[in-house]
There are 2 protein chains.
Amino acid sequence: MKISAGVEWALHCCVALSGIDRPVPAAKMAEMTDVSASYLAKQLQALSRAGLVTSVQGKAGGYVLTRAPEKISVLDVVLAIEGPTPMFECTEIRQRGPVGAPPEECRESCPIARAMLAGEQAWRSALREVSIHDIGTEMAGNISRERMAAMLNWIRPAR
Amino acid sequence: MKISAGVEWALHCCVALSGIDRPVPAAKMAEMTDVSASYLAKQLQALSRAGLVTSVQGKAGGYVLTRAPEKISVLDVVLAIEGPTPMFECTEIRQRGPVGAPPEECRESCPIARAMLAGEQAWRSALREVSIHDIGTEMAGNISRERMAAMLNWIRPAR
DNA sequence: CCGACTCGGACATTTTGTATCCGTGTTCAC
DNA sequence: GTGAACACGGATACAAAATGTCCGAGTCGG
């Protein structure tokens, strides 16, 4: 039930990318977030496989968002890192054991699975409502304008 | 992000207990669900520590629910097994690194943490709405009356 | 054409979840 | 009262997954 730490890193990286119009190398983002560069690279690869970012190789390379930050939800990032498999998987316990129900009485899905699925869908809906752009806007509102400019300038790689 | 298998077992056990007015030994529930008896015992201990069930020792002992099944939500069981810690924990990345924000600009909680928290609260609310009694009723509606009676009779220990 | 910088996947390490065992205490039967 | 069987409880191995690290392939800029 615990969410991997990479999700938090990936979200911060996406927010940073949303403010820069040039490729940002993974090493820079690792320094920014102060986490292991090698492991952060793994998470960025996952984002790339999920199609959220694209990688530019070579000397001035790095990562770039593939679409506008308004079009990337928090859920997208979470699923890219954690994988799309649902958190609860029914093993059909009701059909097992000496008093298991026969298949013809199990046409409806198990009520337990239904309840857990409803919970997960509520969770996904809430995360789908928030975009990377929203996060960036809220963050910008909390800090001074000068600091924001300084941050972006530090992140932006020299051309 | 994955939910432990023990949650599903514990939910089935609670539903079974809600239909029996006598202590049910852990071994019986293990046979019913066809899972490892020793490991299921561990989950039942967690339910006991959380105060959802109480254990009766001795020859005709076993486990009994501590309150009416209407008063036990699916969320109660999930938290008892998985632990009460939230699935997302903010590590204040925004304050770290060379361009970290100073504490005085971080009076509001991080927008990323807020979004993840909102998602988890939506999930918890959905699971809180469903009780063990609800699950039992739905299950009874799916199978024939005779099979239900046979199941309860098989589970009920001889006095 | 060369050099330097980038990503990408293959390889260790640590933590968490899974599974099992035997000891301790209690109850029932005689 | 006594004994023995039964049930829970925690301490102990095993396995899988998350975490962390490394070096090689590919690509762009000069």
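Throughout, a chain's letter reflects where its sequence line sits, starting with A, and its residues are numbered from 1.
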Looking at [Y] and [X], is there a salt bridge between them, counting it only when a charged N and a carboxylate O are closer than 4.0 Å?
X: B:Glu138; Y: A:Arg114; result: yes
X: B:Glu120; Y: B:Arg124; result: yes
X: A:Arg128; Y: A:Asp76; result: no

Q: Take A:Gly6 and B:Leu44, find for each the nucleotide of DNA chain D with the closest heavy atom, and name the residue whose nucleotide sits nearer the 5' end.
A: B:Leu44

Q. Where each residue is assigned the nucleotide of DNA chain D containing its nearest heavy atom, which of A:Leu40 and B:Pro25 is assigned the position nearer the 5′ end?
A.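 So the residue in question is B:Pro25.
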
Between [atom2] on [N] and [atom1] on [X], what's the gap in Å once rounded to a whole number?
X: A:Gln43; N: C:dG8; atom1: CD; atom2: P; value: 14 Å
X: A:Ile3; N: C:dT15; atom1: CD1; atom2: P; value: 21 Å
X: A:Leu47; N: C:dG9; atom1: CG; atom2: P; value: 13 Å
X: A:Arg22; N: D:dC28; atom1: CZ; atom2: C1'; value: 16 Å
X: B:Lys2; N: C:dT15; atom1: NZ; atom2: C1'; value: 17 Å
X: B:Ile81; N: C:dT18; atom1: CD1; atom2: C1'; value: 13 Å
X: B:Lys28; N: D:dC8; atom1: NZ; atom2: C1'; value: 18 Å
X: A:Asp34; N: D:dG20; atom1: CG; atom2: P; value: 12 Å

Distance-only, no hydrogens or angles: does the [X] side chain make a donor-acceptor pair with backbone N or O of [Y] under 3.5 Å?
X: B:Glu82; Y: B:Ser4; result: yes
X: B:Arg147; Y: A:Ala101; result: no
X: B:Lys28; Y: B:Arg156; result: no
X: A:Lys2; Y: B:Glu89; result: no

Among [options], which nucleotide has an atom closest to any side-chain atom of [X]?
X: A:Ser36; options: C:dG9, D:dG20, C:dT18; answer: D:dG20
X: A:Ala26; options: C:dC7, C:dA19, D:dG20; answer: C:dC7
X: B:Ala5; options: D:dG20, C:dT20, C:dT18; answer: C:dT18

Does [N] have OP1 or OP2 sitting under 4.0 Å from an N or O in the side chain of [X]?
X: B:Gln45; N: D:dG10; result: yes
X: A:Ser55; N: C:dG8; result: yes
X: B:Tyr39; N: C:dT18; result: yes
X: A:Tyr63; N: C:dG8; result: yes
X: A:Arg49; N: C:dC7; result: no

Q.
Hydrogens and angles aside, do A:Thr91 and B:Glu8 bring a side-chain donor and acceptor to less than 3.5 Å of each other?
A. yes

Q | Sugar-phosphate only, base, or nothing, as touched by A:Lys42 at under 4.0 Å among non-hydrogen atoms | A |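 Base contact - A:Lys42 has a heavy atom under 4.0 Å of at least one base atom.
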
Q. Heavy atoms under 4.0 Å, any strand shown: does B:Ser4 hit a base, just sugar-phosphate, or nothing?
A.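 Sugar-phosphate, backbone atoms only, no base.
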
Q: Let me have a per-nucleotide readout for nucleotides 22-27 of chain C, 5' to 3', with B, S or -, counting only protein heavy atoms under 4.0 Å.
A: ---BBS

Q) Toward the 5' end of DNA chain C, which comes first, A:Gly62 or B:Ala41, by nearest nucleotide? A) A:Gly62

